[in-house]
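Some notes on the structure that comes next.
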Amino acid sequence: MRWSRYYVPTLKEAPADAEVVSHKLLIRAGMIRRLTSGVYTYLPLGYRALNKVAAILREEMDNAGALEVHMPMVQPADLWKESGRWDYYGKELLRLKDRHDREGCLGPTHEEVITDLLRGEVRSYRQLPLNLYQIQTKFRDEVRPRFGLMRGREFVMKDGYSFDKDEEGANQSYKAMFAAYTRAFQRMGLRFRAVEADSGAIGGSFSHEFMVLATTGEDTIAACTACDYAANLEKAEVTLAGEPVSLPECPAYETVATPETHTVEDVCAFLKLGPEKIVKTLLFDADGEPVAALVRGDRELNEIKLKNQLNATVLNLATPEQVVAWSKAPVGFAGPVGLAVERIVADNELLQGTDWVTGANQGDAHHVHVDLKRDASISAYADLRTVTESDPCPRCSGKLELTKGIEVGHVFKLGLKYSKTMSATFLDENGKDQHMVMGCYGIGVSRIVAACIEQNHDDAGIVFPPPLAPYEVLLCNLGIKEDACNAKADEIYTWLNAQGIEVLLDDRNERPGVKFKDADLIGLPIQLVVGAKALAKGIVEAKDRRTGERAELPVDDFEAAFIAWRKQVHEGWTL
RNA sequence: CGGGAUGUGGCUCAGUUUGGCUAGAGCGCAGCGUUCGGGACGCUGAGGCCGGAGGUUCGAAUCCUCUCAUCCCGACCA
């Protein structure tokens, strides 16, 4: 492609609304433009990068035996009501009505549609397993879209769904997808990690997320430094260091006045105690029912864990009004002793201590010397708190490290969740009806482009890894008014194209400085410079965008010299 | 949905506090000339109902009310 006939509107300055580096660079490099909040147009260069990602995914999916389909973006409400997600999915689901007043939505994901399709098609176990995928635009009406392509409302996703006749088959499908994802991300040249994850709104029994490691990530990963355990912070397990055999005797509890102590810090300061002596009581509205959750004062409750423990559909922290109604006390004074709430769940860690300080369910008062077993009725103990770096690895007791990551892929084992609610069955070998065992697999295609840039950039601009670069080579002709330069640039351009090496020829009538700045900004891995001075010396200059390393390739033996140089650049990326 | 902020040429922003000539700058864009190895320079020019509606006033980018949009923080979320 010749730049003079291409469209790469680069900018010197980034728009004021761009916050993260990938967003700024995507806009400055002329790859995307914003239409409205969380919705972007891909310009030619950006679209090529997007398609690079898509092409690798297609190859890996096809190699893994998945079949590409394309499903509708507009979906009828009936299907979502059938699966139960019409109510569950919430405002993220963009709902709409057609001219006949029929309800529908824009597809944020396609479990309903694919299940509906296959329950009508698949009659026999002989037709299974099936694994279908698509690369398609999704719409999720995010509360707060941000960071450009990292968290858009409209985005491109690769979503795949597997259907198996039994658990074993489903596990195999899951493993195959896990392996395919791993290969795909490796091929893209991304530094990533697969971590255990919560299955969230998609539902299902277990799942892994693929995280690109970058400081700007919105997710936190807890990874073991000794073994290969890694999990999303919202999922990472806390293991007890061993339950003590006997706890010291705890004196009878008493009520003490603690005026104006609304927070754990207040209480600590007032009673001159550390927060680890306090039991924090948090009230939640779980599907309309009050629930109390207890964690140590210095710990953070993990709402995902609580939600899973309660098996709740909708879980919200109680409003101040609800707190007052349920605890009969102002906010900050709820406690488990005598609390008129049916379900009180406590973090496992509370089994390891006694003689606690808790709220007294009356204003300006706390209980001291509380023994939970003796003084409160706890309905269950469970792992409810968020891990910290001081917790041991739940697998090997090694040290955990917290790092930031960008979620670019997610594999779920769904099991029978959708096949049951939507009656997707087939006849097995014995002629009996069985539910299909499902899995689903998503990759944020457009998010990968952003994540790739977050991970690969410098002060001058993007540094594309070769597999995702819109073109591999930027061929810069500095002497467009000199025949020798034009001839040499054209010759190299033609040769590269003939070799199947994708090249963008900068043949614009611009000053060298402008061309160099643009070249670095758009970040193609290899830069070749044809200039009059160098040409007179019989050389063409080459630059490795990543390292900044330059080489002088002799005109006489250009082809061989280039091939060798290129190999070196590529090898630099795989090390 | 709570809290905070911003809307002025394609982009970055002044001007708004204290209302007053024809609304400015830099970048970008068009033309001409000089330049030509790391975002050149000169001259000329195009481009703005100052987010929108209503109001106050002799007079509104500037003050008031409403509204729309966008961004940031939080809650939420593959």
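Scope of the values below: all heavy atoms of this structure, side chains included, with no hydrogens, waters or symmetry mates. Each chain gets a letter, A, B and so on, in the order the sequences are listed, and its residues count up from 1.
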Find the distance [X]:[atom1] to [N]:[atom2] and express it as a whole number of Å.
{"X": "A/Asp17", "N": "B/G51", "atom1": "CG", "atom2": "C1'", "value": "15 Å"}
{"X": "A/Glu13", "N": "B/C13", "atom1": "CD", "atom2": "P", "value": "8 Å"}
{"X": "A/Lys24", "N": "B/C72", "atom1": "NZ", "atom2": "C1'", "value": "13 Å"}
{"X": "A/Arg511", "N": "B/C36", "atom1": "CZ", "atom2": "C1'", "value": "5 Å"}
{"X": "A/Arg34", "N": "B/A69", "atom1": "CZ", "atom2": "P", "value": "12 Å"}
{"X": "A/Tyr441", "N": "B/A78", "atom1": "OH", "atom2": "C1'", "value": "15 Å"}
{"X": "A/Leu149", "N": "B/A78", "atom1": "CG", "atom2": "C1'", "value": "16 Å"}
{"X": "A/Arg508", "N": "B/A40", "atom1": "CZ", "atom2": "C1'", "value": "15 Å"}

Kindly state each residue pair satisfying side chain to side chain donor-acceptor pair (under 3.5 Å) with at least one member in residues 520-544 of chain A, sequence neighbours excluded.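 Non-adjacent pairs meeting side chain to side chain donor-acceptor pair (under 3.5 Å): A/Asp520-A/Gln527, A/Asp520-A/Lys543, A/Asp544-A/Thr547.
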Residue pairs involving residues 28-47 of chain A (criterion side chain to side chain donor-acceptor pair (under 3.5 Å); sequence neighbours excluded): A/His23-A/Tyr40
Tell me whether the OP1 or OP2 atom of [N] has a side-chain N or O from [X] closer than 4.0 Å.
{"X": "A/Ser37", "N": "B/C71", "answer": "yes"}
{"X": "A/Arg144", "N": "B/C72", "answer": "yes"}
{"X": "A/Lys12", "N": "B/G28", "answer": "yes"}

Determine the contact category for [X]: base if any of its heavy atoms lies under 4.0 Å from a base atom, sugar-phosphate if only primed atoms, P, OP1 or OP2 are that close, otherwise nothing.
{"X": "A/Asn316", "result": "nothing"}
{"X": "A/Glu234", "result": "nothing"}
{"X": "A/Asp159", "result": "nothing"}
{"X": "A/Glu19", "result": "sugar-phosphate"}
{"X": "A/Gly531", "result": "base"}
{"X": "A/Lys543", "result": "base"}

Can you tell me if [X] uses its side chain to pair, donor with acceptor, with the backbone of [Y] under 3.5 Å?
{"X": "A/Glu552", "Y": "A/Ile539", "answer": "no"}
{"X": "A/Asp266", "Y": "A/Thr263", "answer": "yes"}
{"X": "A/Tyr471", "Y": "A/Met1", "answer": "no"}
{"X": "A/Glu454", "Y": "A/Ser22", "answer": "yes"}
{"X": "A/His110", "Y": "A/Pro72", "answer": "yes"}
{"X": "A/Lys280", "Y": "A/Arg299", "answer": "yes"}

Pairing partner (Watson-Crick or G-U wobble, both distances under 3.5 angstrom) of [N]:
{"N": "B/U16", "result": "none"}
{"N": "B/C41", "result": "B/G33"}
{"N": "B/U6", "result": "B/A69"}
{"N": "B/U22", "result": "none"}
{"N": "B/G54", "result": "B/C64"}
{"N": "B/G59", "result": "none"}
{"N": "B/C1", "result": "B/G74"}

Quick one: which of [options] gets closest to the side chain of [X]?
{"X": "A/Ala534", "options": "B/G37, B/C76, B/A78", "value": "B/G37"}
{"X": "A/Val143", "options": "B/A75, B/A69, B/A78", "value": "B/A75"}
{"X": "A/Asp518", "options": "B/C11, B/G39, B/G38", "value": "B/G39"}
{"X": "A/Phe147", "options": "B/C73, B/G37, B/A69", "value": "B/C73"}
{"X": "A/Lys481", "options": "B/A69, B/G39, B/C36", "value": "B/C36"}
{"X": "A/Thr36", "options": "B/G38, B/U70, B/A78", "value": "B/U70"}

Could you say whether A/Arg28 or A/Ile443 is positioned toward the 5' end of RNA chain B, judged by the nucleotide with the nearest heavy atom to each? A/Arg28
Name the residue closer to the 5' end of RNA chain B, choosing between A/Gly513 and A/Arg153 according to the nucleotide with the nearest heavy atom. A/Gly513
Centroid under 5.5 Å and tilt under 30°, A/Phe155 to B/A78: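 Stacking between A/Phe155 and B/A78: present.
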Taking only the [atom1] atom of each, what is the distance from [N] to [M] in whole angstrom?
{"N": "B/G51", "M": "B/U8", "atom1": "P", "answer": "6 Å"}
{"N": "B/C68", "M": "B/G26", "atom1": "P", "answer": "37 Å"}
{"N": "B/G15", "M": "B/U6", "atom1": "P", "answer": "12 Å"}
{"N": "B/G24", "M": "B/G9", "atom1": "C1'", "answer": "11 Å"}
{"N": "B/C32", "M": "B/A69", "atom1": "P", "answer": "44 Å"}
{"N": "B/C41", "M": "B/C27", "atom1": "C1'", "answer": "15 Å"}
{"N": "B/C21", "M": "B/U16", "atom1": "P", "answer": "13 Å"}
{"N": "B/G45", "M": "B/G37", "atom1": "C1'", "answer": "32 Å"}

Working note: A/Phe412 + A/Tyr161, criterion ring pair (Phe, Tyr, Trp, His ring centres under 6.0 Å); need CA distance, chi angles, decisive distance, verdict. CA-CA 9 Å; A/Phe412 300 85; A/Tyr161 308 87; 9.9 Å; no
